[in-house]
Amino acid sequence: MKSLVPVVLCFSCFLTGCSLLSHFGYYKRPTAERAPSEEAEQVRFPDSFEPGVHLNGQHMGALRVAMDDFLPPGSKVKGDNERIAECLSRWSTYDTSVLRANDDLYFVSFLPRLSRCGLDAIVLDAGATYAIDGRGRILDVR
């Protein structure tokens, strides 16, 4: 009977494995949804990206670090107003700016636009500005 206890404990860990992994910070990112081929066939790619927004690898790295800290994958904003919390949990709510101060310092700003959710509200502490160094470390957040 004593040899059965370790086996039961082992299997109970497997049954709760998903919740244990998420508890320790593991999050499996969902794959991007693909449009049906009928829709994809209608897309015409541009001949040039010249008028687009251009971010180099260091800009992207700083942006990724700030994004993962500000609104981690799978997280939801909590608050008294459910509609505002839901709105602030979506990336489409935010205007984002990346500024390269020098070779080793980047600033990333997230500014919410609640009007994109059909809300006419003001939230004073919803955005953030990150200072990220060239090694991808968060130096400060305001």
Side-chain angles (χ1 to χ4, degrees), residues 3-142:
S3 62
L4 189 59
V5 172
V7 173
V8 170
L9 286 174
C10 182
F11 279 112
S12 68
C13 287
F14 286 124
L15 292 175
T16 61
C18 293
S19 63
L20 284 176
L21 290 175
S22 64
H23 178 73
F24 292 113
Y26 175 79
Y27 176 80
K28 183 178 179 186
R29 291 193 167 108
T31 58
E33 181 182 351
R34 299 286 180 167
S37 58
E38 300 81 38
E39 288 182 54
E41 290 170 358
Q42 296 176 14
V43 174
R44 300 293 170 242
F45 282 87
D47 293 328
S48 170
F49 280 85
E50 190 172 334
V53 175
H54 303 277
L55 300 175
N56 67 29
Q58 290 176 316
H59 286 96
M60 290 298 298
L63 178 59
R64 182 78 202 167
V65 168
M67 287 176 70
D68 284 348
D69 186 72
F70 181 68
L71 193 59
S75 68
K76 296 287 182 190
V77 174
K78 294 179 174 83
D80 295 334
N81 186 313
E82 189 176 317
R83 288 186 63 210
I84 291 176
E86 177 63 32
C87 183
L88 293 174
S89 295
R90 289 185 247 153
W91 275 115
S92 60
T93 301
Y94 297 90
D95 284 346
T96 304
S97 299
V98 180
L99 172 68
R100 178 181 173 215
N102 60 49
D103 288 341
D104 198 40
L105 181 60
Y106 296 84
F107 293 98
V108 180
S109 173
F110 301 111
L111 183 62
R113 302 285 184 213
L114 298 179
S115 60
R116 291 184 182 143
C117 303
L119 299 172
D120 186 24
I122 297 173
V123 180
L124 299 177
D125 60 350
T129 299
Y130 284 78
I132 310 285
D133 72 5
R135 293 176 21 198
R137 298 179 306 165
I138 298 171
L139 301 174
D140 198 3
V141 181
R142 294 203 177 151

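All values reported here derive from a predicted model rather than from experimental measurement. No hydrogens, no waters, no symmetry mates; every other heavy atom, side chains included, goes into these values.
- Applying the ring pair (Phe, Tyr, Trp, His ring centres under 6.0 Å) definition to pairs two or more places apart or across chains, those involving residues 54-96 are H59-Y106, F70-Y94, F70-F110, W91-Y94, W91-F110.
- A pairwise comparison of heavy atoms in A126 and L88 identifies CB-CD2, 3.9 Å as the closest pair.
- For the atom pair CG (D140) and CD1 (I132), the distance works out to 10.0 Å, reported to the nearest 0.5 Å.
- Identified under the side-chain hydrogen bond (donor to acceptor under 3.5 Å, both in side chains) test for residues 34-52, with sequence neighbours left out: none.
- One N or O on the side chain of D104 and one on the backbone of G134 form a donor-acceptor pair closer than 3.5 Å.
- Atom CD of E86 sits about 10.5 Å away from atom CG of L119, to the nearest 0.5 Å.
- Rounding to the nearest 0.5 Å gives a distance of 13.5 Å between CD of Q58 and CZ of R135.
- Applying the side-chain hydrogen bond (donor to acceptor under 3.5 Å, both in side chains) test to pairs two or more places apart or on separate chains, those with a residue in residues 118-130 are D69-Y130.
- What you find for S89 and V77 is that their closest heavy atoms are OG-N, 2.7 Å.
- Here the closest non-hydrogen pair linking L105 and N102 is N-OD1, 3.0 Å.
- Smallest separation of non-hydrogen atoms from S92 and R116: O-CD, 3.3 Å.
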